Number of protein chains: 2
Amino acid sequence: MMLLSDQAGAKIPRPATLRESVIEAIQELIVSSQLKPGQHLVESELAQLLGVSRQPVREALQQLSGEGWVDLHPGQGAFVHVPTVEEADQLLAVRALLETESARLAAQHASEEGVRRLRELCSRGIQAVESDDTDAAVAINSDLHALVTALSGNKVLAELAAQVARRVRWYHTPVARQRGMTSWREHAALIDAIEAGDERRAAEIMREHTESTRASYREQRAGEPIEPAPKRVRRRRTRTSSAN
Amino acid sequence: MMLLSDQAGAKIPRPATLRESVIEAIQELIVSSQLKPGQHLVESELAQLLGVSRQPVREALQQLSGEGWVDLHPGQGAFVHVPTVEEADQLLAVRALLETESARLAAQHASEEGVRRLRELCSRGIQAVESDDTDAAVAINSDLHALVTALSGNKVLAELAAQVARRVRWYHTPVARQRGMTSWREHAALIDAIEAGDERRAAEIMREHTESTRASYREQRAGEPIEPAPKRVRRRRTRTSSAN
DNA sequence: CCACGGTATGCTGTAGGCAGTCGACGAAAA
DNA sequence: TTTTCGTCGACTGCCTACAGCATACCGTGG
């Protein structure tokens, strides 16, 4: 009987509700800048674009609003959230805080199995950097941080950290690519500390690690004040609606 | 012209969208235990109960799921989240973390005006305790903590803290009432530290303050293992639907 | 008596449609 | 020319309706 479903974590790629698909699609459109900050998101347009009805789009927009991707103005609709430099810094500060605590707890609770998986990810990350595969490096970096939060044993903390991390990635994806190999040396040191159960050191390393990311963001923000003035405005009504 | 709308914060009591009203209504039903943990929330029933259509209810449930009040199981519907002792502890830990950092930042940035408002709340809280008005005391306590997070100057942090605080309140409303006057002495000390700009002391006081709440929760949890075994199950189908 | 498959039912997920509302545009008045 | 009011258009918010699915019931066979 129980032959099936024993394979833990081997969940069938659920047909996933349309809502979830739409959420991911819109997130993708936002991070890829196809939807620009401040832009008015018209439900019917998105619906048509994605080939679904308005309802899943509505629900997706609301969920995205809950995670800070879009701003919902009652009676007016949804607008892509305009990332402020200030807000990005605050986000990075919160991330630093959450991940530092995660590292501390991970040092307390991490199992050998967990440490093994950390090392696995770390070596794969270094490999990716050496072969200049920055995309992979960034992805593995995220996985590693996510694993640290998971190993903290505090699910609430892990979930919050994950949410913040997602937003951070949108705000300054390019920055993450800059620190290169240095970052992975810090990762290795972090794992050592976790394995040794040295919570103080683990926390300190993670703190410096995340704060240096924050500093690196602050440095580069001089060059690009993000966007000039993306005023939130309902899209002008198409005068001559001939050309669609 | 600009005569109106100068009065800051005097926003017209919006007719509020149905969705928001429904969200608050369901939250109220949950905290008041009219909807029990693990219970299957049928959209059409809630809709009828609240006198609205299914759509606002759906949207409300999804938003509530995002904030951890209900769990959404695709294809099965929404279930009231079952609060675990373990999870409550984790939530309190996260709250302690967020508020400690808030206190530290507040000590750095708080204005005189802010400190004044803190003292105002503190004295009102003491007054409430002295007149045995626990409800008011709890409310003022929340306001005070919220104000501290606001004074941190980090909006992201404040928002996260607020979200966590809301959930905490559901998990152990009764506990908060126990610590009485002690809690308010700690508040006063905290405000002193913030006014003095002593971030280290402010953080330490807040840490002890929130951690003692956590400890107080842990102590009392021996008596009531919350609920026996509220299995998540779809409600049985009504055999004879005669009696509607 | 237990196990298994068929059937019915209630629910969710999605679509389409209607009314209310908000903003923009343009004309009239100062 | 500048300000104010009326009108129009489009979009959101909500409701109703339908299809698909997962579960519970129940008869039949071992």
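Within every chain, numbering begins at 1; the chains are lettered A, B, ... in the order of the sequence lines, protein sequences first and strands thereafter. Just so it is clear, the model here is predicted, and its values are computed rather than measured.
Closest contact between the side chain of B:Ser44 and the listed nucleotides C:dC11, D:dC14, C:dA15 involves C:dC11. Out of C:dT14, D:dC15, D:dC11, the shortest distance to the side chain of A:Val42 is found at D:dC11. Here the nucleotide nearest the side chain of B:Gln76, chosen from D:dA17, D:dA22, D:dG13, is D:dA22.
Residue B:Leu46 contributes atom CG, which lies 16 Å from atom P of D:dC14 at whole-angstrom precision. Atom CD in B:Gln48 sits roughly 19 Å away from atom P in D:dC14 (whole-Å rounding). Atom CD in A:Glu43 sits roughly 15 Å away from atom P in C:dG16 (whole-Å rounding). Rounded to whole Å, atom C1' of D:dT12 lies 14 Å from atom CD of B:Glu20. When the P atom of C:dG13 is taken as reference, atom CZ of B:Arg54 falls 8 Å away, rounded to whole Å. The nearest whole Å value for the distance from the CG atom in A:Leu18 to the P atom in D:dC18 is 20 Å. Atom CD in B:Gln55 sits about 15 Å away from atom P in D:dA17, given to the nearest Å. Going from atom NE2 of B:His73 over to atom P of C:dC11 covers 17 Å, rounded to whole Å.
In summary, A:Arg117 and A:Glu120 do not engage in a salt bridge, as defined by a charged side-chain N under 4.0 Å from a carboxylate O.
Scanning DNA chain D for stems, defined as runs of 3 or more consecutive Watson-Crick or G-U wobble pairs whose donor-acceptor distances all fall under 3.5 Å, gives the following ranges: C:1-30 with D:1-30.
Not a single salt bridge (charged side-chain N to carboxylate O under 4.0 Å, His left out) links A:Glu112 to another residue, sequence neighbours left out. Applying the side-chain contact (heavy atoms from CB on, under 4.5 Å) rule to B:Ser32 yields the partners B:Glu28, B:Gln34; only residues at least two apart in sequence or on another chain are considered.
At distances below 3.5 Å, at least one donor-acceptor pair connects side-chain atoms of A:Ser102 with backbone N or O atoms of A:Leu98. Under a 3.5 Å cut-off, the side chain of A:Ser111 and the backbone N or O of A:Gly114 do form a donor-acceptor pair.
When all heavy atoms of A:Leu61 and A:Val70 are compared, the pair lying nearest together is O-CG2, 3.5 Å.
The stretch residues 150-168 of chain A participates, sequence neighbours left out, in these side chain to side chain donor-acceptor pair (under 3.5 Å) pairs: A:Glu87-A:Arg167. Residue pairs satisfying the ring pair (Phe, Tyr, Trp, His ring centres under 6.0 Å) criterion with at least one member in residues 138-168 of chain B, sequence neighbours excluded, are listed as follows: B:His145-B:His187, B:His145-B:His209.
In terms of position along DNA chain D, the nucleotide closest to A:Gly77 lies nearer the 5' end than the nucleotide closest to the other residue of the pair B:Ser53 and A:Gly77.
A:Gln55 and A:Glu59 are linked by a side-chain donor-acceptor pair at a separation below 3.5 angstrom, with hydrogens and angles left out of the test.
Residue A:His40 has no polar side-chain atom (N or O) positioned under 4.0 Å from OP1 or OP2 of C:dG23.
The stretch residues 57-72 of chain A does not touch DNA chain C, since none of its heavy atoms comes less than 4.0 Å from the strand.
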